[in-house]
Amino acid sequence: MQRPTQTAVPRHVAIIMDGNGRWATARHLPRMAGHSRGMDAVRSVLETCGRRGIEYLTLFAFSSENWNRPPDEVSTIMRLFMAALQKEVGKLVDNGVRLRIVGERISLDKELQRLIVDAESRTAANDRLHLTLCVSYGGRWDIVQAARAALRESDRPEAITEAALGRHLGLSFAPDPDLLIRTGGEQRISNFLLWQCAYAELYFTHTLWPDFSSAAFDQALAWYAQRERRFGRTSQQLAANS
Ligand code: IPE
Ligand code: IPE
Ligand code: MG
């Protein structure tokens with residue numbers, strides 16, 4: 001895994017897309033209307049990534065814990081996800097976006113698994129923007145599955161290094177996120193990229209996900225550009241090296 005370096009534009013942005021339900025409830029709409037409107041925000045963020053030259057965008061779409069929601073809501077979210085895969089993949093292909101889905105696939109519906117394999121293979125040759133959707137994903141699940149995979153290669157305790165685990169994590173193809181955004185007002189990680197966000201800059205906004213516009217994203221990027229990323233060192237050391 002590469003350690004992120006200081007640049008004005010983050011290479012990798014990860015987003016916890018929260019607040020869909022509250023957005024809908026405030027309008028006396030079913031929660032699903034919020035999830036559906038959330039798709040528009042995804043399109044707009046993708047477009048901004050293209051304009052700003054962001055290379056990796058990772059979106060938290062459904063957590064390991066979200067399986068505990070009412071079955072109706074879970075199945076409607078999954079249906080929306082399937083419909084979006086069918087409808088949007090052609091556009092991703094045209095725009096040079098490589099799509100990956102990371103999470104515990106075995107827990108997903110067979111038809112959804114098939115659509116995922118198809119979408120990933122159709123976009124596999126693209127490299128302009130790497131879009132990753134975390135579905136049925138939890139940071140703890142990721143670390144445990146990586147540890148198991150590393151142990152399958154070697155059961156010597158010394159073989160379990162940061163690099164060896166990193167190779168088996170769901171996001172092994174990407175540098176660590178530089179910027180983690182959470183919409184919806186909560187200031188917590190909710191089991192997202194626990195390992196990978198060791199040095200991410202954390203940006204929390206009260207804006208609900210369906211309202212997260214290009215302008216709101218630009219604000220987060222402007223905030224990021226002002227951070228001094230020290231990675232444990234001192235400001236003086238950074239100044240001496242620049
Ligand atoms: C995020 O919005 C989407 C998912 C977790 C699937 P929420 O559905 O959590 O919306 P709020 O937090 O209840 O408003
Ligand atoms: C986090 O949102 C998960 C996703 C955005 C997919 P939640 O709404 O599930 O998080 P909590 O339950 O408020 O921590
Ligand atoms: Mg929520």
Side-chain angles (χ1 to χ4, degrees), residues 12-46 49 56-85 87-88 99-109 112-113 115-116 119 131-145 169-171 174 177 179-197 200-213 216-217 220:
H12 185 173
V13 177
I15 307 184
I16 301 174
M17 309 184 289
D18 196 23
N20 292 348
R22 280 164 285 166
W23 183 93
T25 305
R27 286 161 181 77
H28 308 286
L29 295 169
R31 290 176 59 84
M32 200 49 219
H35 298 313
S36 177
R37 275 297 283 268
M39 279 298 301
D40 297 341
V42 170
R43 278 184 217 102
S44 116
V45 162
L46 256 175
C49 284
Y56 297 86
L57 175 67
T58 302
L59 302 175
F60 203 9
F62 193 87
S63 72
S64 309
E65 290 74 25
N66 288 149
W67 289 112
N68 298 321
R69 291 197 178 190
D72 271 9
E73 178 164 346
V74 171
S75 59
T76 335
I77 290 173
M78 292 299 161
R79 270 206 304 279
L80 186 71
F81 188 38
M82 292 209 268
L85 277 179
K87 190 161 157 253
E88 309 282 340
L99 178 68
R100 295 179 178 88
I101 283 74
V102 169
E104 194 171 20
R105 287 199 193 189
I106 192 92
S107 55
L108 302 175
D109 182 87
L112 177 52
Q113 290 187 40
L115 287 171
I116 288 172
L131 169 64
T132 304
L133 302 180
C134 293
V135 180
S136 192
Y137 176 88
R140 290 181 173 182
W141 164 82
D142 198 5
I143 293 167
V144 168
Q145 68 79 26
L169 288 167
L171 265 76
L179 171 61
L180 172 66
I181 297 173
R182 181 172 187 144
T183 61
E186 311 296 350
Q187 301 195 4
R188 55 180 174 246
I189 304 292
S190 300
N191 199 13
F192 196 28
L193 304 165
L194 298 180
W195 176 286
Q196 297 87 341
C197 282
E201 300 295 327
L202 308 181
Y203 182 87
F204 299 102
T205 170
H206 285 278
T207 304
L208 303 173
W209 177 249
D211 291 328
F212 194 72
S213 58
F217 191 19

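This structure is a prediction, so every number in the text was calculated from the model and none was measured. Order of listing sets the numbers, starting from 1, for every ligand and every atom in it. Side chains included, hydrogens not; waters and symmetry mates left out as well; all remaining heavy atoms used.
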Hey, is the Mg ion (ligand 3) within less than 2.8 Å of some N/O/S atom on Glu186?
no
Of all protein heavy atoms, the one nearest atom 14 (O) of ligand 2 is Ser190 OG, 2.6 Å
Could you tell me whether Glu104 and Arg140 make a salt bridge, using a distance below 4.0 angstrom between a side-chain N and a carboxylate O?
no
With a 3.5 Å cut-off and no angle check, do the side chains of Thr205 and Thr183 form a donor-acceptor pair?
no
Looking at Asp18, which of its N, O or S atoms is the nearest one to the Mg ion (ligand 3)?
OD1
Considering Met17, Arg69, Arg22 one by one, which has a heavy atom nearer to atom 9 (O) of ligand 1 than any of the others?
Arg69
Checking contacts now, so for atom 12 (O) of ligand 2, which I'm interested in, is there any protein heavy atom under 4.0 Å?
no
Mutual orientation of the aromatic rings belonging to Trp67 and Phe62 [parallel < 30°, tilted 30-60°, perpendicular > 60°]
perpendicular
Does ligand 1 have any atom sitting under 4.0 Å from a heavy atom of Glu186?
no
Min heavy-atom dist Arg188 to ligand 2 below 4.0 Å:
yes
Distance under 4.0 Å to a non-hydrogen atom of Asn66: what atoms of ligand 1 satisfy this?
5 (C)
Looking only at protein heavy atoms, identify the closest one to atom 7 (P) of ligand 1 and say how far it is in Å.
Asp18 OD1, 3.6 Å
Can you confirm, on distance only, whether ligand 1 has an N/O atom lying under 3.5 Å from any N/O atom belonging to Gly21?
yes
Ligand 2 to Arg182 polar contact by distance, N or O atoms, under 3.5 Å:
yes
Only heavy atoms count here, so choose which of Gly19, Gly185, Ala61 is nearest to atom 6 (C) of ligand 1.
Ala61
Is the terminal nitrogen or CZ of Arg27 (NZ for Lys, CZ for Arg) located under 6.0 angstrom from the six-membered ring centre of Trp23 and within 45° of that ring's axis?
yes
